[in-house]
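Because only heavy atoms are used, hydrogens play no part in the values below, and waters and symmetry mates are left out as well, while side chains stay in. In the text below, chain A, chain B and the rest are named by the order of the sequence lines, each starting its count at 1.
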2 protein chains.
Amino acid sequence: MKNPESSPAASIPDVFDPTCSSRHALELIAGKWPMLIISALENGPMRNAALMRRLGDISQKMLTQTLKELERNGLVIREDMRTVPPHVEYSLSPVGRSLSETLLVLDRWAETHFGALDAARERYDTERRK
Amino acid sequence: MKNPESSPAASIPDVFDPTCSSRHALELIAGKWPMLIISALENGPMRNAALMRRLGDISQKMLTQTLKELERNGLVIREDMRTVPPHVEYSLSPVGRSLSETLLVLDRWAETHFGALDAARERYDTERRK
DNA sequence: ACAATTACGCACCTTTTGGTAACTATGAAA
DNA sequence: TTTCATAGTTACCAAAAGGTGCGTAATTGT
């Protein structure tokens, strides 16, 4: 029998292993927009224009691009109604929904603690006169 | 009395508001390394070299830089023992610890679902012959 | 004939992020 | 006197992220 130390980490996923796919999963949502888009889709399908309005300051390019990445990874489902003018709806897949639930926790964390962060930053900056 | 619509969102934080600090809080951890560093510090203080080993493929520059940002925002505490050779310990502040707990949920999500993501990606790519 | 609609592709550019390699400080030990 | 150890810093460069503006498709209403 081999000890766990010698096993080249095939079974137990580890976010700290650079070659592990779980790292990839984290990097997928590490950008500026993915988390917000997933959160925005929480309450049901949305169209391109509605998402742009909701996200406030995203560019058309980044929205399309990010949605495509999320679709590619199976988090978002793109439904093209094939009408003219175009009507496309984006929604969360089951996996996407499971992610949105943990992101909700993160959103709440941000809304709870941003004040503390702001204060700390100001303290830090004034202390070192930057 | 004014209706809620006209109030310029001073009290209720909203991650979707680009001018809201809670967005800033999210962007702070949206990079490649912040989440991993916070997670790495979960089990107590660590020194520079230990963090480098734990994170595997981070550069010295990014480690220092990211730690400094996290310290600036009050998530990480930097303790310099003022010895020679240098001995500096990084640890989580209370706010940092509260974040690390929600990130743990995210790590677990990644470790649970990365297989589904990999599969979806492969399907997507082969379907469109990219 | 043509204007409007909606999602999006593409070309071009700027900004941000990240990596490499070389250099620094300082006291203890060799 | 030289070496070692540790946690940096800096200058320089490459790559990725992101923004702007313009073009396109195809049907409906004017």
Side-chain angles (χ1 to χ4, degrees), chain A residues 16 18-19 23-24 26-38 40-41 45-73 76-91 124 128-130, chain B residues 16 18-19 23-24 26-38 40-41 45-73 76-91 121 124-125 128-130:
Chain A
F16 294 112
T19 68
R23 263 280 279 272
H24 189 98
L26 279 188
E27 282 172 15
L28 178 64
I29 58 167
K32 188 178 179 182
W33 299 113
M35 292 202 289
L36 288 172
I37 292 183
I38 301 266
L41 290 175
M46 293 185 84
R47 305 178 57 175
N48 179 43
L51 279 167
M52 298 233 22
R53 254 177 281 119
R54 185 75 171 116
L55 299 223
D57 60 343
I58 194 175
S59 66
Q60 174 66 60
K61 177 188 161 190
M62 284 316 296
L63 180 55
T64 308
Q65 188 175 302
T66 309
L67 281 170
K68 197 181 287 179
E69 259 312 284
L70 294 176
E71 188 202 358
R72 185 163 96 102
N73 286 270
V76 159
I77 294 166
R78 178 182 184 277
E79 191 179 1
D80 189 338
M81 309 309 188
R82 328 197 109 276
T83 62
V84 168
H87 182 136
V88 177
E89 296 206 338
Y90 295 95
S91 57
Y124 186 98
R128 353 232 142 173
R129 273 290 139 252
K130 270 273 181 73
Chain B
F16 294 112
T19 67
R23 263 279 282 272
H24 189 98
L26 280 189
E27 283 172 14
L28 179 63
I29 58 167
K32 187 177 179 181
W33 299 113
M35 292 202 290
L36 287 171
I37 293 183
I38 300 266
L41 291 175
M46 292 185 86
R47 306 178 57 176
N48 180 51
L51 279 168
M52 298 234 18
R53 252 176 283 118
R54 185 73 171 116
L55 300 216
D57 61 343
I58 194 175
S59 66
Q60 174 65 60
K61 176 189 159 189
M62 285 314 297
L63 180 56
T64 309
Q65 189 175 301
T66 309
L67 281 169
K68 199 181 285 179
E69 259 312 283
L70 294 175
E71 188 202 359
R72 184 165 96 103
N73 286 270
V76 158
I77 294 167
R78 177 181 186 277
E79 190 179 3
D80 188 339
M81 308 309 190
R82 329 198 108 275
T83 61
V84 167
H87 182 136
V88 177
E89 295 205 338
Y90 294 96
S91 57
R121 210 177 324 118
Y124 186 99
D125 288 349
R128 352 235 143 173
R129 274 288 140 252
K130 270 269 183 72

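The NZ-C1' distance, from Lys32(A) to dA16(D), rounds to 14 Å in whole Å. In this structure, the CE atom of Met81(B) is 18 Å from the C1' atom of dT26(C), given to the nearest Å. dG8(D) atom C1' lies 10 Å from atom CG of Asp80(B), rounded to whole Å. In this entry the distance linking CG of Leu55(B) with C1' of dA7(D) reads 15 Å, nearest Å. Across the protein-nucleic acid pair, Gln65(B) atom CD and dT9(D) atom P stand 10 Å apart, rounded to whole Å. If you take CE of Met52(B) and C1' of dG19(C), they are 11 Å apart, rounded to a whole angstrom. In this structure, NE2 of His87(B) is placed 7 Å from P of dA7(D), rounded to the nearest angstrom. Regarding Met62(A), its CE atom lies at a distance of 14 Å from the C1' atom of dT20(D), rounded to whole Å.
Taking CD1 from Ile29(A) and OG1 from Thr66(A), the interatomic distance works out to 13.0 Å, rounded to the nearest 0.5 Å. The OG atom of Ser91(A) lies 12.0 Å from the CE atom of Met46(A); values are rounded to the nearest 0.5 Å. Rounded to the nearest 0.5 angstrom, Arg53(A) CZ and Asn48(A) CG are separated by 9.5 Å.
Taking 4.0 angstrom as the limit, Arg82(A) places none of its side-chain polar atoms (N or O) nearer than this to OP1 or OP2 of dA7(C). Distances shorter than 4.0 Å separate none of the side-chain N or O atoms of Lys61(B) from OP1 or OP2 on dA11(D). One finds no side-chain N or O of Arg47(A) lying less than 4.0 angstrom from the OP1 or OP2 phosphate oxygen of dT6(C).
Of the candidate nucleotides dG9(C), dG8(D), dG19(D), dG9(C) has the atom nearest to the side chain of Thr64(A). When each of dA7(C), dG19(D), dT6(D) is scored by its nearest atom to the side-chain atoms of Pro85(B), the top-ranked nucleotide is dT6(D). Closest to the side chain of Arg78(A), from the set dC8(C), dG19(C), dG18(D), is dC8(C). The nucleotide whose nearest atom lies closest to any side-chain atom of Ser59(A) is, among dA7(C), dA7(D), dT20(D), dT20(D). Between dA7(C), dG8(D), dG18(D), one nucleotide has an atom nearer to the side chain of Val88(B) than all others, and that is dG8(D). Closest to the side chain of Trp33(A), out of dG8(D), dG19(D), dA7(C), is dG19(D). In this structure, the nucleotide among dA26(D), dG19(C), dT26(C) sitting nearest to the side chain of Val84(B) is dT26(C).
Across all strands, Gln60(B) comes closer than 4.0 Å to base atoms (heavy-atom distances).
The nearest pair of heavy atoms linking Leu67(B) to Ile37(B) is CD2-CG2, 3.8 Å.
With a 4.5 Å cut-off on side-chain heavy atoms, Leu28(A) and Arg121(B) do not count as touching.
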